[in-house]
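See structure below.
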Amino acid sequence: MNRNWMIGFMFILFLLEGTVMPVLIPDAWQGRIVPQFVFMVILYHAVYQHRHTSLLMGLGFGFLQDIVYYGHMIGPHAFSMGLLGYLVGLLFTSRNATLFTMMAIAVFGSFAHQTILFAVYSLFGINHMTYEYALFDFMIPSLFVQLVFALAIYVPMRTWFDRLSGKASAEDEQG
């Protein structure tokens, strides 16, 4: 049941990325700031829950983003979100990640996600800009938005996953 709530929460974030955030972002920054709120939740899930589930969530929501928002190619977001969700869960096996550690993961994950997308789009000739231009034009501004969002949801997500793991350990003791 809790996984269904998580998927519902991520779907609401997915809708907010495409409906509310473009209205809130100033016109001068349109196209330069790309909110990836669902990806931040996938990273939280990878650290505090399980890497295989975050891999599947990354693939699912990545394909959804590829289809709905970024129609150039099908698969780059799914590949990047799934791969990074799995790798973060593989690298950080301790479920006791602190605020500082989680923010470092958010920065690393956002930077790696944007870099993978840039590399894939450059490989297939969809974008024709230099990496330096892309880094300063949209990667760093988007990274700050992701970091602020990751900081804002740290306490609720940590509480949610602690309750979830507490229920799972209580069920293991009973059964």
Side-chain angles (χ1 to χ4, degrees), residues 6-26 28-49 51 53-92 97 99 101-122 126-127 129 131 133-158 160-161:
M6 178 61 70
I7 291 173
F9 173 67
M10 290 171 68
F11 187 72
I12 290 170
L13 287 177
F14 173 77
L15 292 175
L16 289 175
E17 286 177 7
T19 57
V20 175
M21 287 307 295
V23 173
L24 295 178
I25 296 172
W29 289 90
Q30 287 290 335
R32 295 180 68 191
I33 294 179
V34 182
Q36 295 284 334
F37 300 150
V38 173
F39 180 62
M40 289 296 118
V41 174
I42 288 170
L43 292 180
Y44 274 101
H45 203 281
V47 171
Y48 293 118
Q49 279 302 123
R51 67 181 183 262
T53 309
S54 74
L55 167 71
L56 293 176
M57 287 180 175
L59 289 173
F61 280 99
F63 273 126
L64 196 57
Q65 282 190 347
D66 284 330
I67 292 169
V68 175
Y69 297 137
Y70 310 104
H72 304 296
M73 296 174 65
I74 303 249
H77 283 84
F79 170 73
S80 178
M81 292 170 92
L83 175 71
L84 291 172
Y86 186 80
L87 287 178
V88 165
L90 189 65
L91 293 173
F92 296 95
L99 175 68
T101 305
M102 199 60 220
M103 293 308 107
I105 292 169
V107 168
F108 163 76
S110 178
F111 181 72
H113 179 62
Q114 294 290 338
T115 301
I116 290 172
L117 291 176
F118 177 81
V120 169
Y121 286 149
S122 293
I126 292 179
N127 66 359
M129 61 182 85
Y131 184 74
Y133 177 77
L135 182 69
F136 291 114
D137 189 51
F138 66 87
M139 285 184 188
I140 291 177
S142 295
L143 185 129
F144 283 118
V145 171
Q146 268 66 277
L147 183 63
V148 168
F149 179 74
L151 186 61
I153 67 167
Y154 175 76
V155 172
M157 294 303 286
R158 181 78 191 252
W160 191 340
F161 288 127

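The first residue of the sequence shown is numbered 1, and numbering continues consecutively from there.
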About how many Å separate [atom2] of [Y] and [atom1] of [X], when rounded to the nearest 0.5 Å?
X      : Y      : atom1 : atom2 : result
Leu56  : Arg51  : CG    : CZ    : 12.5 Å
Ile153 : Met40  : CD1   : CE    : 8.5 Å
Ile116 : Met81  : CD1   : CE    : 11.5 Å
Met103 : Tyr154 : CE    : OH    : 7.5 Å
Gln36  : Ser142 : CD    : OG    : 8.0 Å
Leu83  : Leu59  : CG    : CG    : 9.5 Å

Ignoring hydrogens, what is the shortest heavy-atom contact between [X] and [Y]? Give both atom names and the distance.
X      : Y      : answer
Gly85  : Ser54  : O-OG, 3.2 Å
Asp66  : Ala78  : OD2-N, 3.3 Å
Gly82  : Leu55  : O-CD1, 3.3 Å
Ser80  : Leu117 : CB-CD2, 4.4 Å
Phe118 : Met129 : CZ-O, 3.4 Å

Measure the acute angle between the ring planes of Tyr69 and Phe14, then classify it against the limits of 30° and 60° as parallel, tilted or perpendicular. tilted
Geometric class of the His113/Phe39 ring pair [parallel <30°, tilted 30-60°, perpendicular >60°]: parallel
Who pairs with Val148 by side chain to side chain contact (heavy atoms under 4.5 Å, CB included), at least two apart in sequence or on another chain? none
Met102 backbone acceptor or donor facing Tyr44 side chain under 3.5 Å: no
So, Gln30 side chain and Pro22 main chain: donor-acceptor pair closer than 3.5 Å or not? yes
Heavy-atom distance under 4.5 Å between the side chains of [X] and [Y], does that happen here?
X      : Y      : answer
Leu151 : Leu147 : no
Met10  : His45  : no
Phe9   : Trp160 : yes
Leu99  : Arg158 : no
Met57  : Val38  : no
Val47  : Phe161 : no
Phe37  : Val145 : yes
Pro141 : Trp29  : yes

Please report whether the ring centroid of Phe61 lies less than 6.0 Å from that of His77. no
Evaluate side-chain contact (heavy atoms from CB on, under 4.5 Å) for Leu24 paired with Met21, printing each intermediate quantity in order. CA-CA 5 Å; Leu24 295 178; Met21 287 307 295; 4.1 Å; yes
Verify the neighbour count for atom [atom1] of [X]: are there more than 12 heavy atoms of other residues, nucleotides or ligands below 6.0 Å?
X      : atom1 : answer
Phe138 : CZ    : yes
Tyr131 : OH    : yes
Phe79  : CZ    : no

Could you walk me through whether Leu64 and Phe11 pass the side-chain contact (heavy atoms from CB on, under 4.5 Å) check? CA-CA 10 Å; Leu64 196 57; Phe11 187 72; 4.1 Å; yes
With side-chain contact (heavy atoms from CB on, under 4.5 Å) as the test, would you mind laying out the steps for Val41 and Met6 before giving the verdict? CA-CA 9 Å; Val41 174; Met6 178 61 70; 3.7 Å; yes
